[in-house]
Protein chains: 2
Amino acid sequence: MKKKKKISIKDISKELGISITTISFIINKKAENKISKEVIKKVEDYIEKVGYTPNSSAQSLRTGKSKTIVFMAEDISDPFFSAIAKQMEEIAFDNGYKIIYCSTENKKERAIELLDLFKDRQVDAFIITPPEGFEEEMKKLIYEQHQTVMVFDRYYKSFEHNYVVLDNLRCAKDATRSLYDSGKKQLAFIGINSELSPIVHRYEGYLESIRSLELQEFSLMLKFEEIKTEQGRKKISSFLDKYPQIDGILFASNNLAINGLRVLKQKNTRIPEEIGIISFDERDIFELYSPPISVVSQPIEKLAGELIKGTLSLLQSKAGKSEIYQKTLEGTLIPRESISLKNPASS
Amino acid sequence: MKKKKKISIKDISKELGISITTISFIINKKAENKISKEVIKKVEDYIEKVGYTPNSSAQSLRTGKSKTIVFMAEDISDPFFSAIAKQMEEIAFDNGYKIIYCSTENKKERAIELLDLFKDRQVDAFIITPPEGFEEEMKKLIYEQHQTVMVFDRYYKSFEHNYVVLDNLRCAKDATRSLYDSGKKQLAFIGINSELSPIVHRYEGYLESIRSLELQEFSLMLKFEEIKTEQGRKKISSFLDKYPQIDGILFASNNLAINGLRVLKQKNTRIPEEIGIISFDERDIFELYSPPISVVSQPIEKLAGELIKGTLSLLQSKAGKSEIYQKTLEGTLIPRESISLKNPASS
DNA sequence: CTGAAAGCGCTTACAG
DNA sequence: CTGAAAGCGCTTACAG
């Protein structure tokens, strides 16, 4: 009734009359110029035949490496993060690594808890989207605990670290410009009250554009907890009531836009005739919405690829000098009917 | 520059002048009636102070348990599975377990590859949504390799196993009935050509309802690969052209419904006036669609809770006799404007 | 109530 | 070209 006893190097050694050392060398491809071809062949064939795989706990105990990477996302059930996770997973597996996922919910306390859980727990590297106010903890993790850390989706200016992020400033700038080019002149930014770099940069990108176009600023910042709530809707609603001249909105995130669309639907606002809309982050809902919503789409495969390959390469080079891995990727504006494609600016 | 050398039981032993054995007992809460309270207190305080955590690789090597559970989902980036994953994660962590996720894409070969990857790799249990045609492999995994396996979202009749599933038959039956009650009489089922139990049972539920109502059957089964594609849309489109009398559709999955909605949008079919719609599986898109789409919603928290708690309890009892854990949960029909709520059946 | 010791399955310096 | 042996950090039967 018990699982079959797993075969070990020792068993192979006995069976083949070859020492454990030799077998270990062969398994770890360190046999070059050391072990005779016949022995290698013999061992490899036998391993193949009995389907031997090394006990990873023993390897891990011995080497101090666990072949495990933790991906601490803001929310792993969010389509953006789960898509990233899935892409990374495959590449990681192909390289013999496992990934463990968890979600911070953008809560500092939760992130600390999770980090604690993994601390000194044979995790080779962390890929983290730090929550609000986590700068000091990240610095500690990297510079005091000397963990291998890749920061995702945001970054800090106060210290050097590895990261993979979107060029949020440029994306927001271009999106704002596109609203303008579609004929809208009273452009609003609906964002989040946050110090996280993507949110800050999206706002800055909006600001840069309206300044260079000499437009008036209309901006509303919700609290993080309000993004998906009735409370958030109320704020958006009264914001729009207060500035009825607004004819274009850039939403700083997909959840924000979804909540905003509910408000507009309730108000029976016609899109794009009365208000043109662009949101950050693609979601299938935007394509199917009536009318379809224009978005700044993030290059998910590229982001995931850079993240995992970058992390893996850091892990490789950890023996040598510590390099720094920093990538800023471009997004793509996908224009849809939520901005009048046929009415170019008539300024 | 290297990580701080981690503290071990031996270090504590030296520092406190207490044997390794005693310390291990205390850590593992096996100290009751064996170790004096003063010693326990002394050790616990010291552990607290230096922040000692046991090396999990060593524990794993010694005990043969890894405190790791693999969740092999159909597609971890699907909102349904990622929501389940997130819920399970937390409970697992609280119980000292890690979860590793992967996606089969409903491909048998991929699932075999993944299983191979984890085989004998110190995984304590598997939570699996088996792909098409995986019955024999599942049987082997459970009855030859004696792994602890929880099957999710589907189940087999040919052998006993642990599972957590939705009561798909009843849900489909009720949904079909609701379409009828909303005044529709020519009810279609759009499903998938699959032997997986949920799909089969949803179809059977539909059949049972229309038979008891003495209605005509209209059904279309797509191939799995067509669900999200243009090819699928074409099939749905010509199906609807062929049977213009259809005035109600039950979609067997959310992706199917999303693709179906595209077809209906293109055809300018009015929902619910011309065709009433109900889909399986809640997604935020359904609530925001114009009109909002009625769905059979799965109890995600409950499902995730049963899955992980069930698995954990199997792991506990593994020492004793092997029990069987089988749960069938009810779904909830959420009626929205895609069925005429105000026009009750006038039969 | 407490401790010395074996052993889980590997890797790797060292010796030949 | 190959092997004997130490040791990674635990747990647990055994002895006292």
Protein-nucleotide distance (A:Ile26, atom CD1; D:dC1, atom P), rounded to Å:
12 Å
Is the gap between the ring centers of B:Tyr101 and A:Phe71 under 6.0 Å?
no
Any side-chain N or O of A:Ser60 under 4.0 Å from OP1/OP2 of D:dC8?
no
Value in whole Å for how far the C1' atom of C:dG3 lies from CD1 of B:Ile23:
11 Å
How does each nucleotide of nucleotides 10-16 of chain C score, in 5' to 3' order, for protein heavy atoms under 4.0 Å: base (B), sugar-phosphate only (S), or none (-)?
BBBB---
Rounded to whole angstrom units, what separation is found between the CD1 atom of A:Ile18 and the C1' atom of D:dA4?
16 Å
For the pair made of NZ in B:Lys14 and C1' in C:dG3, what is the distance, rounded to whole Å?
16 Å
Would you say A:Lys139 has more than 12 foreign heavy atoms packed within less than 6.0 Å of its NZ?
yes
Separation of C:dT2 atom C1' from B:Ile40 atom CD1, nearest Å, is 12 Å
More 5' along DNA chain C: B:Gly17 or A:Ser57, using each one's nearest nucleotide?
B:Gly17
When the ring planes of B:Tyr163 and B:Tyr155 are compared, do they come out parallel, tilted or perpendicular, using 30° and 60° as the limits?
parallel
Polar side chain donor-acceptor pair, B:Ser19 to B:Thr22, under 3.5 angstrom:
yes
Just by distance, with hydrogens left out, do A:Ser82 and B:Ser77 show a side-chain donor and acceptor under 3.5 Å apart?
no
Anything under 30° is parallel, anything over 60° is perpendicular, the rest tilted; go ahead and classify B:His161 against B:Phe159.
tilted
Kindly confirm or rule out a cation-pi arrangement of A:Lys327 over A:Tyr325, judged by NZ or CZ under 6.0 Å from the six-membered ring centre and within 45° of its axis?
yes
Parallel, tilted or perpendicular, judged at 30° and 60°: which one describes the rings of B:Phe81 and B:Phe152?
perpendicular
Using a 3.5 Å limit on both pairing distances, list the dot-bracket string of DNA chain C from the 5' end; Watson-Crick and G-U wobble pairs count, crossing pairs take [ ], interstrand pairs take |.
|||.||||||||.|||
Expressed in angstrom and rounded to an integer, what is the separation of A:Ile12 atom CD1 from C:dG9 atom C1'?
11 Å
